[in-house]
Amino acid sequence: MKQIKQIQTHLIISGSFTDLYATGKIITFCAISQRGDLDYAFHLFRHLPNSSTFIWNTMIRAFAEKNQPIQANSLYKEMLHSTGFFPNNYTFSFVLKACAELTNVFVGREFHSHIVKLGWESYDFVLNGLIHMYANCDCVGSARKLFDASLNLDVISWTALVNGYVKNGQIEVAKHLFDQMPERNSVSWSAMITGYAQVGMFREALELFNEMQLGGFRPNHAGIVGALSACGFLGALDQGRWIHAYVDRNRIELDRVLGTALIDMYAKCGCIDTAWKVFNEMPERDVFAFTSMISGLANHGQSASSVQLFLKMREEGVKPNEVTFICVLSACSRMGMVEEGRKIFESMSRVYEIEPQVQHYGCLVDLLGRAGMLEEATRIVREMPLEPDSYVLGALLNACKMHGDVELGKETVESLIQRSLDHGGVHVLLSNIYASERRWEDVAKVRKDMEDKNVKKVPGCSLIEVDGVVREFVAGDRSHVFMENIISLLLVITKQLKDFPFDDDVGIELPQ
DNA sequence: CTAGGGTTAG
């Protein structure tokens with residue numbers, strides 16, 4: 001930037017500042033390059049003695065690429081009212097990109113009408129931009145209309161539409177379209193793989209990842225990230241390790257996104273040490289990497305490290321987001337770190353300027369409730385500024401179960417029913433509360449209610465890979481042939497855990 | 001001067 005300013009000074013002195021080619025080069029560098037300075041480019045742009053369509057386009061492009069879609073669009077509007085500069089195919093592909101990011105289809109339709117009026121609709125870049133914009137705004141029907149009417153489709157149009165159906169939750173339609181594609185490349189494969197991962201179809205994601213390679217396509221960055229995410233959810237450690245080795249072998253850049261995906265995969269597969277290793281090796285860590293690691297530690301019962309890492313974020317200048325707080329608060333909750341949790345909750349709005357959402361109140365209620373502070377938990381539910389949801393009340397109910405408070409449990413279930421938040425789990429918890437008090441008649445009544453109202457409890461389940469085979473565990477499932485041996489071994493382990501001298505003093509100092 | 005695919009949650 002320093003040299004750029006020198007060049008600029010030179011241009012002014014030599015009178016070449018009116019040279020559109022030279023100023024265009026400077027604006028492009030400042031606005032687009034990673035080492036540039038968009039604000040400075042805009043400042044220059046405002047003070048140019050004359051301009052060009054190219055320069056307008058470059059500014060609009062820069063705002064679109066640097067996640068400032070509103071500025072991009074208002075600059076476009078300004079361009080329309082300017083004298084002598086008309087939007088062209090380039091302008092529209094930038095504006096549509098901004099619009100897709102805005103996910104505001106009303107603005108998008110307005111641009112669409114301009115595009116039709118000026119005759120750019122069937123130009124390939126503009127058409128693909130339109131399909132992408134509609135798909136991203138969750139208007140896959142409009143995207144489809146353009147797609148069906150066009151004679152100018154390519155692999156990019158197809159991929160954009162596949163992605164639209166994924167976003168819309170129509171994964172089967174997306175797959176059907178994917179199968180029909182006349183031509184596929186790594187990007188289209190990745191789109192379908194991550195599509196499966198995003199809707200929770202992890203096996204299908206991994207199958208497609210393997211199929212992609214059998215088809216001779218090399219997995220790229222996004223495809224790898226999607227596959228790793230699937231590995232984490234499936235507990236598919238072997239596959240995940242293989243992908244990690246592939247990344248190393250092919251010198252694929254371990255950037256923030258890929259690093260986070262690896263951390264998440266290892267943590268979910270039980271390898272918290274390897275997750276740490278990846279975390280420490282990352283050259284740059286953003287809020288996603290930190291949150292992923294904090295969550296992994298919490299899930300491994302290492303709450304103290306989880307909170308320490310949360311505090312370290314601030315030292316590294318990384319600002320936590322709403323998800324980070326959910327992870328760190330649940331870490332506190334699990335290890336009974338009430339004071340730490342309370343302080344962190346309180347710091348949300350005061351220090352980090354994030355207003356607690358209903359989920360955060362859920363964590364707080366869980367924290368207090370598990371620790372047996374039922375009165376305070378109830379007070380939070382009563383006084384919180386948001387309407388409590390099923391998680392908040394569920395946390396309270398769970399606390400009632402843990403601490404045997406039948407009356408509060410009943411009240412909580414009542415308020416859940418009033419708000420129509422009672423799913424199967426709620427009734428099961430209530431019946432368990434009665435059971436712990438040996439009130440069998442009440443237990444039977446709840447169970448009968450459930451049958452009458454036809455509420456079903458979805459059993460919890462978990463997956464892990466052992467020797468390359470993915471095993472599934474379902475809560476309450478006793479169908480295994482060695483069930484008796486398993487249960488007696490579990491009893492032994494439970495006894496050993498109870499006798500284990502855990503160190504309750506986690507020794508963390510929180511800043512005031 | 002242009003387009004499609006990406007990570008964290010209870």
Side-chain angles (χ1 to χ4, degrees), chain A residues 24-25 27-28 31-32 52-62 64-65 88-97 100 123-133 135-136 143 154-164 166 181 184-195 197-198 219-229 232 255-265 267-268 282 285-296 298-299 320-331 333-334 357-360 362-363 365-366 389-392 394-395 398:
Chain A
K25 282 280 181 201
I27 295 266
T28 306
I32 308 289
S52 66
T53 303
F54 170 77
I55 291 175
W56 279 90
N57 284 348
T58 305
M59 285 310 302
I60 293 171
R61 172 186 172 195
E65 284 177 4
N88 58 16
N89 50 328
Y90 293 100
T91 322
F92 285 119
S93 49
F94 303 138
V95 172
L96 285 170
K97 189 191 175 88
Y123 186 82
D124 54 1
F125 279 82
V126 177
L127 173 74
N128 286 339
L130 279 168
I131 293 174
H132 174 231
M133 183 276 293
N136 226 27
D154 58 17
V155 63
I156 290 162
S157 343
W158 282 82
T159 310
L161 193 61
V162 164
N163 198 39
V166 169
M181 284 178 74
R184 295 188 202 108
N185 60 20
S186 299
V187 178
S188 32
W189 280 94
S190 298
M192 196 64 226
I193 292 166
T194 52
Q198 279 161 7
N220 58 7
H221 194 263
I224 286 171
V225 169
L228 281 173
S229 150
D255 68 357
R256 290 175 290 204
V257 177
L258 186 48
T260 302
L262 278 171
I263 292 169
D264 182 57
M265 182 277 291
K268 287 205 172 90
M282 281 172 74
R285 294 181 280 250
D286 61 3
V287 59
F288 283 88
F290 269 97
T291 305
S292 191
M293 196 63 223
I294 287 170
S295 156
N299 290 335
N321 65 17
E322 65 288 351
V323 179
T324 320
F325 281 102
I326 290 170
C327 298
V328 72
L329 286 172
S330 65
S333 184
R334 285 176 205 184
Q357 299 157 349
V358 66
Q359 298 103 306
H360 301 109
C363 293
V365 169
D366 188 50
D389 67 355
S390 68
Y391 289 98
V392 174
N398 189 43

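Chain letters run A, B, ... following the sequence lines, proteins first and then strands; every chain starts at 1. Bear in mind the structure is a predicted one, so any value in this text is a computation, not a measurement.
Across B:dG4, B:dT7, B:dT8, the shortest atom-to-atom separation from the side chain of A:Val257 is found for B:dT7. Taking only side-chain atoms of A:Gln359, from C-beta outward, the nucleotide of B:dG4, B:dG10, B:dA3 with the closest atom is B:dG10. Listed candidates were B:dT8, B:dT2, B:dG10. Nearest to the side chain of A:Tyr123 is B:dT2. Taking only side-chain atoms of A:Asn321, from C-beta outward, the nucleotide of B:dA3, B:dT8, B:dC1 with the closest atom is B:dT8. Comparing atom distances between the A:Phe288 side chain and each of B:dT7, B:dG4, B:dT2 picks out B:dT7 as nearest. Checking B:dA9, B:dG4, B:dA3 against the side-chain heavy atoms of A:Asp154 singles out B:dA3 as nearest. Counting only heavy atoms from C-beta on, A:Thr58 has its side chain closest to B:dC1 among B:dT8, B:dT2, B:dC1. In the set B:dA9, B:dT8, B:dC1, the nucleotide with an atom closest to the side chain of A:Ile326 is B:dA9. With distances taken from any side-chain atom of A:Val225 to the nucleotides B:dC1, B:dA3, B:dT7, the minimum falls on B:dT7. When distances run from any side-chain atom of A:Asp264 to the nucleotides B:dA9, B:dA3, B:dC1, the shortest one goes to B:dA9.
Judged by distance alone, with hydrogens and angles left aside, A:Ser93 brings a side-chain donor or acceptor within reach of the base of B:dT2, the pair sitting under 3.5 Å.
Atoms OH (A:Tyr90) and P (B:dC1) sit 7 Å apart, rounded to a whole Å. Atom CZ in A:Phe325 sits about 16 Å away from atom C1' in B:dG10, given to the nearest Å. What separates CD of A:Glu322 from P of B:dG10 is a distance of 14 Å, to the nearest Å. A:Asn185 has its CG atom 12 Å from the C1' atom of B:dA3, to the nearest Å. Atom pair A:Arg184:CZ and B:dG4:P shows a separation of 20 Å (rounding to whole Å applied). One atom, CG of A:Asn88, and another, P of B:dA3, lie 14 Å apart when rounded to the nearest Å. As rounded to whole Å, 14 Å separates atom P of B:dC1 from atom CD1 of A:Ile55. Between A:Leu329 atom CG and B:dT8 atom P the separation is 19 Å, expressed in whole Å.
Between A:Lys97 and B:dA3 there is a side-chain polar atom (N or O) within less than 4.0 angstrom of OP1 or OP2. Within the 4.0 Å cut-off from OP1 or OP2 of B:dT7, not a single side-chain nitrogen or oxygen of A:Lys268 is found. A close approach under 4.0 Å does occur between a side-chain nitrogen or oxygen of A:His132 and OP1 or OP2 of B:dG4.
Note on A:Gln198: only backbone sugar-phosphate atoms sit closer than 4.0 angstrom, heavy atoms only; bases stay farther off. Using a 4.0 Å heavy-atom distance criterion, A:Asp286 is classed as making no nucleic acid contact. Among the protein residues, A:Val155 comes within range of the nucleic acid bases, having at least one heavy atom under 4.0 Å from a base atom. Contact annotation for A:Asp124: no contact, since no heavy-atom pair falls under 4.0 Å across all strands. Residue A:Asn136 is classed as having no contact, given no heavy-atom separation below 4.0 Å to the nucleic acid.
Between the side-chain ring of A:Phe125 and the base of B:dT2, a stacking contact exists by the 5.5 Å and 30° definition. An aromatic stack links A:Tyr391 and the base of B:dG10, using centre distance under 5.5 Å and interplanar angle under 30°.
Of the possible polar contacts, one joining the A:Thr58 side chain to the A:Phe54 backbone as a donor-acceptor pair under 3.5 Å is found. Checking side-chain atoms of A:His132 against main-chain N and O of A:Lys97 turns up no donor-acceptor pair under 3.5 Å. Panel note: side chain A:Asp264, backbone A:Ala267; no donor-acceptor pair is recorded below 3.5 Å.
Between atom CD1 of residue A:Ile263 and atom CZ of residue A:Phe288 there is a gap of 12.5 Å, rounded to the nearest 0.5 Å. Between atom CH2 of residue A:Trp158 and atom CG of residue A:Asn128 there is a gap of 12.5 Å, rounded to the nearest 0.5 Å. Expressed to the nearest 0.5 Å, how far CE of A:Met265 lies from OG1 of A:Thr260 amounts to 12.5 Å.
Crowding of A:Arg334 atom CZ: a count of heavy atoms from other residues, nucleotides or ligands under 6.0 Å exceeding 12.
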